[in-house]
Amino acid sequence: MGKFQVISHPLIQHKLSILRREETSTKHFRELVDEIAMLMGYEVSRDLPLEDVEIQTPITKTVQKQLSGKKLAIVPILRAGIGMVDGLLSLVPAAKVGHIGMYRDEETLEPVEYLVKLPEDIDQRQIFVVDPMLATGGSAVLAIDSLKKRGAANIKFVCLVAAPEGVKKLQEAHPDIDIYTAALDDKLNEHGYIVPGLGDAGDRLFGTK
Ligand code: PRP
Ligand code: URA
């Protein structure tokens, strides 16, 4: 079974509380998603492989460490996942970015895929799939199905708020992947929204409602 980790650093908890507040503006919401994603990136990238490199300091030659050049891809689930891309890219600027477009049918709560655009060598990359919300888990499961169909093998899922129902569904469907979240909330309501949650992440990020 992959790892399930709640990244509960005080800075993340503080920013997440502001993010959840109803009165937080679109501008502030966007900034907070970006900052939280960057802070989470520190932990999510913890097991990136290193290699030795010989360098010259002003004093002497020395063997030190550098990232081994393992290829990374950040794959946001549209729309709301887009808000998490820049924060992670600021830590790993050489990563490529793929996109998976998906929306939840409001009646059935089933995800509908409408776009997949990935780096050509996605099968050789370590992939961070990002989406602020893991609710029923349908979108995450379908996005990862889609990546695996294209040969992807090394996947981590990173979200801000998860419901227990979504975590269970994702772990059952894809037991090999690691899941990182900034918070594990109580439950889903009858409309499939996370409680206490933060509302509709896409609408709050883009100001569409
Ligand atoms: C939200 C969210 C996830 C999905 C989570 O997207 O960003 O992708 O719902 O729900 P699930 O775990 O039950 O599938 P939404 O469908 O609202 O699309 P949007 O980001 O374009 O607004
Ligand atoms: N999608 C969201 O944006 N919010 C939720 O609470 C559930 C799904």
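Each ligand, and each atom within it, is numbered from 1 in the order the structure gives. Since this is a predicted model, take the numbers as computed values, not measurements.
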Q. Is there a path of hydrophobic side-chain contacts, each under 4.5 Å between heavy atoms of I, L, V, M, F, W or Y residues, that connects L32 with V44?
A. yes
Q) Any donor and acceptor pair, going by atom type alone, linking the side chain of R21 with main-chain N or O of S17 inside 3.5 Å? A) no
(Q) Tell me which residues fall inside the under-4.0 Å heavy-atom shell around ligand 2. (A) R104, M133, A135, G192, Y193, I194, G199, D200, A201
Q) Is D200 paired with K209 through a side-chain N to carboxylate O contact shorter than 4.0 Å? A) no
Give me the pairs of N or O atoms, one from ligand 1 and one from the protein, that sit under 3.5 Å apart.
unit_1: ligand 1; atom_1: 7 (O); unit_2: D131; atom_2: OD1; d: 2.8
unit_1: ligand 1; atom_1: 8 (O); unit_2: D131; atom_2: OD2; d: 2.4
unit_1: ligand 1; atom_1: 12 (O); unit_2: A135; atom_2: N; d: 2.9
unit_1: ligand 1; atom_1: 12 (O); unit_2: T136; atom_2: N; d: 3.1
unit_1: ligand 1; atom_1: 12 (O); unit_2: G137; atom_2: N; d: 2.8
unit_1: ligand 1; atom_1: 13 (O); unit_2: R104; atom_2: NH1; d: 2.8
unit_1: ligand 1; atom_1: 13 (O); unit_2: T136; atom_2: N; d: 2.9
unit_1: ligand 1; atom_1: 13 (O); unit_2: T136; atom_2: OG1; d: 2.5
unit_1: ligand 1; atom_1: 14 (O); unit_2: S139; atom_2: N; d: 2.9
unit_1: ligand 1; atom_1: 14 (O); unit_2: S139; atom_2: OG; d: 2.6
unit_1: ligand 1; atom_1: 16 (O); unit_2: R104; atom_2: N; d: 2.8
unit_1: ligand 1; atom_1: 20 (O); unit_2: R79; atom_2: N; d: 3.1
unit_1: ligand 1; atom_1: 20 (O); unit_2: A80; atom_2: N; d: 3.2
unit_1: ligand 1; atom_1: 21 (O); unit_2: R79; atom_2: N; d: 3.2
unit_1: ligand 1; atom_1: 21 (O); unit_2: R79; atom_2: NE; d: 2.9
unit_1: ligand 1; atom_1: 22 (O); unit_2: R79; atom_2: NE; d: 3.4
unit_1: ligand 1; atom_1: 22 (O); unit_2: R79; atom_2: NH2; d: 2.8

Q.
Could you check whether any side-chain N or O of T24 sits under 3.5 Å from a backbone N or O of I18, counting only pairs where one atom can act as donor and the other as acceptor?
A. yes
Q. Which other residues end up in the same hydrophobic cluster as M38, if Ile, Leu, Val, Met, Phe, Trp and Tyr are linked when side-chain heavy atoms come under 4.5 Å apart?
A. L91
Q.
D185 vs R20, test: side-chain contact (heavy atoms from CB on, under 4.5 Å). Steps then yes/no.
A. CA-CA 12 Å; D185 275 13; R20 290 178 188 276; 2.8 Å; yes
Q | Distance-only donor-acceptor check, side chains T136 and E165, under 3.5 Å | A | no
**Q.** R46 to Y180, cation-pi by 6.0 Å centre distance and 45° axis angle
**A.** no
**Q.** side chain to side chain donor-acceptor pair (under 3.5 Å): pairs with one or both residues in residues 83-103, sequence neighbours excluded
**A.** none
